[in-house]
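Data block below; observations after.
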Amino acid sequence: MSSKILVVEDEKAIADILEYNLRNAGYETEAVYDGGEVMGSFRVFAPDLVLLDIMLPGRNGLDLCEDIRKDSNVPVLMLTSRDSEEDIVRGLDVGADDYVTKPFSPKELLARVRAQLRRASGGGVVRDVEEGIMDYGRLCIDTNRYQVRVNGEDAGLTRREYQLLLYLAEREGRVVTRKQLLADVWGYSYFGDVRTVDVTVRRLREKIEVDPSDPDLIITRRGVGYLFTGDSGG
Ligand code: CA
């Protein structure tokens with residue numbers, strides 16, 4: 001059975017392009033053009049993923065995302081314009097998983113959709129949760145020993161690097177903002193410099209990525225934050 005995607009976008013031309021690309025890729029779609037009609041469609045259509053525009057007539061996407069999150073963990077991908085970093089961060093704060101900026105390339109859109117659906121269905125990676133081992137092939141996080149191994153060898157992570165990696169890995173496929181990382185990994189609520197996060201990510205990449213300048217595991221979402229892919233490359 002094909003996955004169902006609810007497309008929420010008030011500009012009909014954009015909604016049509018989205019539906020066209022998604023259907024060509026084998027997904028079943030339904031489009032909603034008014035924010036006021038989203039929750040009704042959400043309940044009846046029961047989508048596996050929601051593509052959610054933020055600026056909408058009726059109700060805005062941020063409110064809707066909050067509502068969806070009250071009783072569902074369905075992946076929510078926000079549709080945003082390139083210059084709305086603030087909206088992106090607010091969207092992630094209210095539970096969106098990732099975002100696609102308009103204008104988007106169909107290839108990028110479909111890659112994001114596939115990644116979210118894969119994550120929602122439990123992913124393709126073997127994780128022996130009971131044994132406390134998160135296994136990504138080349139990379140392995142051993143939560144019993146607080147150790148990260150690359151090709152079976154201890155990667156020599158500092159405590160902070162380990163905590164950062166574990167935090168991202170537990171949110172695989174989701175964009176995590178730098179502020180959120182500062183608050184949850186470093187424990188800084190109101191002070192602290194987000195560049196601390198960037199520096200630690202850079203050091204971490206040197207220990208776990210095949211090519212730290214072209215990372216596979218931890219992807220940068222410019223100006224916003226980081227995303228763990230679970231793809232250890234190599
Ligand atoms: Ca709009």
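When a ligand or atom number is given, it counts from 1 through the structure's own listing order. These numbers come from a predicted model, not from an experiment.
- Looking at heavy atoms from C-beta onward, Lys207 lies out of side-chain contact with Val150 at the 4.5 angstrom threshold.
- Protein N/O/S atoms closer to the Ca ion (ligand 1) than 3.0 Å number 3 in this structure.
- Contact annotation: the side chain of Phe42 never approaches that of Val8 to less than 4.5 Å [non-hydrogen atoms, C-beta and beyond].
- Proximity of Leu22 to Leu51: side-chain heavy atoms (C-beta onward) are separated by under 4.5 Å at one or more points.
- Scanning for side chain to side chain contact (heavy atoms under 4.5 Å, CB included) contacts around Tyr167 gives Arg171, Val176, Gln180, Leu181, Asp184, Val185, with sequence neighbours left out.
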*Could you walk me through whether Arg69 and Asp97 pass salt bridge (Lys or Arg N to Asp or Glu O under 4.0 Å), step by step?*
CA-CA 11 Å; Arg69 274 291 166 268; Asp97 297 287; 2.9 Å; yes

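- The shortest heavy-atom contact between Asn21 and Leu110 is O-CD2, 4.1 Å.
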